[in-house]
Amino acid sequence: MSYRVQLEMFEGPLDLLLYLIQVNEIDIYDIPIAKITEEYLGCLARMQELDLEVAGEFLVIAATLIHIKSKMLLPAEESEGAEAPEEDPRKELVERLLEYRRFKEASMTLEHLESHQQLHFNRPADPGSPVADGPLEVSLSELIRAFSAVMERAMKAAVFEITPETINVGERMVAVLDRLATENPLPFIALFDGARTRSLLIATFLGLLELLRRGLVRARQSDPDGEITVYRTMEAAEGNDGRAA
Amino acid sequence: MAELPDPNPLAILEALLFVSEAPVTLERFAEVLEGCSKGEITKLLADWQERCRQEDRGVLPIEVAGGYRLVTKPELAPWVQRFRGTKAAKLSKAAMETLAIIAYKQPITKPEIEAIRGVMTDGVLKTLVERDLIRILGRKPEVGRPILYGTSRAFLEYFGFKDLSELPTLKEIEALAPNVAEKEASQSEVEVDDTSNAK
Amino acid sequence: MAELPDPNPLAILEALLFVSEAPVTLERFAEVLEGCSKGEITKLLADWQERCRQEDRGVLPIEVAGGYRLVTKPELAPWVQRFRGTKAAKLSKAAMETLAIIAYKQPITKPEIEAIRGVMTDGVLKTLVERDLIRILGRKPEVGRPILYGTSRAFLEYFGFKDLSELPTLKEIEALAPNVAEKEASQSEVEVDDTSNAK
């Protein structure tokens with residue numbers, strides 16, 4: 001007999017493996033690796049026959065299975081030292097499967113709760129309710145959604161050039177400005193104080209370049225070998241107006 | 001669902017009015033409560049209204065233009081107002097977008113924000129400053145010397161960040177932003193021979 | 001307003017829950033109902049819950065996500081669905097699996113989730129962020145500083161949990177520590193208890 005396997009039935013290679021173990025009534029703690037490998041590869045082969053793009057993740061587990069199989073085929077080494085018994089090559093995979101199964105079961109419990117909970121209905125949000133001045137309630141997800149939405153709109157409108165800079169640069173820009181607000185001017189090299197990682201150094205440098213480009217800071221070098229000094233051109237927020245360059 | 005013993009029609013009426021956004025007409029009630037005539041429903045609503053006038057009830061159904069709706073009793077208005085006054089405030093869509101732009105593009109001026117959003121932003125910036133989510137970093141040395149905005153310490157604290165580098169990066173947002181249809185599995189079927197079992 | 005003769009506190013509770021969009025905490029109730037202690041309010045809510053179970057009532061207060069909210073009775077769901085004409089969207093299996101891992105292992109990073117699931121998780125994380133079921137907790141202090149995810153308050157509401165300690169215990173953990181599984185019976189949700197026992 002044959003059973004039909006639909007790829008979409010499985011959430012991934014571990015799920016497929018659990019299915020094969022279950023349908024063959026195999027003890028998960030004592031998996032016949034040769035047999036299960038054969039079945040698993042058979043599934044993959046059929047996916048490929050159908051010209052499917054077999055996800056790399058499925059192949060990773062296939063390689064793991066083959067590796068375990070080959071290890072198990074090797075004759076047990078004459079354990080001369082023989083303190084610890086040879087570890088079962090299947091151990092790691094079994095542990096992964098058990099852990100995955102635990103969460104799969106948990107997800108089924110959650111699914112159950114979901115359908116019960118969906119029998120309850122809430123009152124719809126009242127659009128007429130006035131804007132309150134209580135404590136602010138905004139989630140980061142909302143912020144991210146807002147940003148994606150506005151950026152997508154901006155791209156469509158194509159009125160603004162958006163470079164995929166990372167936030168680190170913006171953060172460094174603000175940090176540099178904040179620093180210059182208290183110590184102005186500052187030696188170029190001092191801007192990198194405390195920047196321990198390579199990416200932080202790069203971000204700081206890119207931030208400085210961006211500030212220079214926008215004219216928010218200037219850099220000066222009195223002689224060719226001399227120290228570069230950076231100073232802030234914008235007005236400090238706290239200071240009196242008109243104090244700036 | 002028709003086979004199940006029907007719950008009390010009054011209970012159904014209350015549930016429907018509770019979940020409804022707009023007044024519910026008698027016709028609509030009659031559609032959902034198969035087997036109840038409009039006359040019967042009118043009678044049910046009148047009885048229910050009477051019962052809701054009891055002093056330990058907070059809500060009652062009233063007849064308004066176009067149907068029935070649930071409202072809180074007028075004498076409870078002071079408590080409802082006090083309650084609403086302390087309710088958590090949400091940022092408007094405009095405020096949210098502006099805050100997001102400032103978070104990711106700071107230091108940034110108002111004209112720059114408006115160029116991205118495509119609309120004016122005046123009131124919103126005031127709100128955000130009042131809410132202490134953004135701060136003025138200084139002024140840009142160009143014509144008009146526009147104010148440069150950035151996020152505040154309160155902003156970081158609010159979202160639980162130690163510093164701005166903890167904000168999700170644009171790349172991470174791209175991965176999280178909900179606009180691409182998910183679904184990775186393919187729909188094709190595969191036949192697996194079970195003969196390997198027989199060996 | 002304090003000079004007016006106070007209405008029945010039960011009526012006030014009903015009105016407040018009716019106008020509230022999110023679960024209301026005992027603290028907020030106590031703020032608005034000056035003169036009522038949290039203990040008294042808990043008692044009032046329990047009595048009221050009992051009365052709402054009567055067959056001619058359509059809604060009842062339940063305890064969820066750290067507070068109370070009004071919901072329609074589960075047995076009325078067929079009528080509410082017919083009235084609304086839409087069914088609530090269920091989470092996909094992939095989303096549910098990912099959510100389970102996040103719920104039990106939080107704070108957790110995407111690579112860690114993917115190591116357990118054995119597959120990529122981007123699209124699913126998007127869905128969960130979009131539905132506000134998970135939130136970003138910060139970054140893990142390791143190479144690449146990956147984002148740490150956890151569950152949100154909406155997660156608790158979605159599944160009807162009072163707090164995270166109500167998550168059904170994982171089988172293996174249960175076997176190790178049987179007393180973790182023994183929890184107070186939920187007062188609000190009979191069927192929630194059923195499912196957590198029904199493994």
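Order of the sequence lines fixes the chain letters, A, B, ..., with proteins taken first and strands second; residue numbering starts at 1 for each chain. Reckoned from all heavy atoms, side chains included, excluding hydrogens, waters and symmetry mates.
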By a 4.5 Å heavy-atom criterion (distance strictly below it), what part of Ala103(C) contacts chain A: side chain, backbone, both, or neither?
neither
When rounded to the nearest 0.5 Å, the distance separating CG of Leu113(A) from CD of Glu166(C) is 10.0 Å
State, with a plain yes or no, whether a side-chain heavy atom of Leu99(C) is found less than 4.5 Å away from one of Ser107(A).
no
So with a 6.0 Å cut-off around CD of Glu40(C), is the heavy-atom count from everything else above 12?
yes
Tell me, for Glu157(C) versus chain A, whether the close heavy atoms (under 4.5 Å) come from the side chain, the backbone, both or neither.
backbone
Which portion of Lys73(C) sits near chain A, non-hydrogen atoms under 4.5 angstrom
backbone
Nearest heavy-atom pair of Ala89(C) and Gln118(A): which atoms, and what distance?
O-NE2, 3.3 Å
With a 3.5 Å cut-off and no angle check, do the side chains of Tyr158(C) and Glu114(A) form a donor-acceptor pair?
yes
Considering non-hydrogen atoms only, spot the tightest contact between Glu57(A) and Gly118(C) and give its length.
CB-O, 3.3 Å
How far apart are the closest heavy atoms of Arg96(A) and Ala115(C), and which atoms are they?
NH2-O, 2.9 Å
Phe159(C) CZ to Thr109(A) OG1 distance, which is reported to the nearest 0.5 Å
10.5 Å
Surrounding CD of Glu142(C) (heavy atoms of other residues, nucleotides or ligands, distance under 6.0 Å), is the total greater than 12?
yes
List the atom of Glu111(A), the atom of Met96(C), and the distance in Å for their closest heavy-atom pair.
CA-CE, 3.5 Å
Could you report the tightest heavy-atom contact between Leu119(A) and Thr72(C), atom names first, then the distance?
O-OG1, 4.0 Å
Flag yes if more than 12 heavy atoms outside Glu92(A) fall under 6.0 Å of its CD atom; otherwise flag no.
no
For Leu70(C), is it the side chain, the backbone, both, or neither that has a heavy atom closer than 4.5 Å to a heavy atom of chain A?
backbone
Arg123(A) with Glu21(C): basic N within carboxylate O range, under 4.0 Å
no
Tell me which of these, Val59(C), Ile116(C), Val129(C), has more heavy-atom pairs under 4.5 Å with chain A than the rest.
Ile116(C)
List for me each residue that meets side chain to side chain donor-acceptor pair (under 3.5 Å) alongside Tyr68(C), sequence neighbours excluded, and say none if there are none.
none
Given Arg84(C) and Phe121(A), is the side-chain contact (heavy atoms from CB on, under 4.5 Å) satisfied, shown in steps?
CA-CA 10 Å; Arg84(C) 281 209 163 160; Phe121(A) 292 85; 3.5 Å; yes
Those residues that, when tested against Thr109(C), pass side chain to side chain contact (heavy atoms under 4.5 Å, CB included) (two or more places apart)
Pro111(C), Glu112(C), Lys140(C), Pro146(C), Leu148(C)
Would you call Arg117(C) and Glu99(A) a salt bridge, taking side-chain N to carboxylate O under 4.0 Å as the test?
no
Ile134(C) versus chain A, the contacting section by heavy-atom distance below 4.5 Å
backbone
Nearest heavy-atom contact between Ala100(C) and Phe103(A) is CB-O, 3.9 Å
For chain A, which of Lys105(C), Lys90(C), Arg135(C), Lys93(C) has the most heavy-atom pairs under 4.5 Å?
Lys90(C)
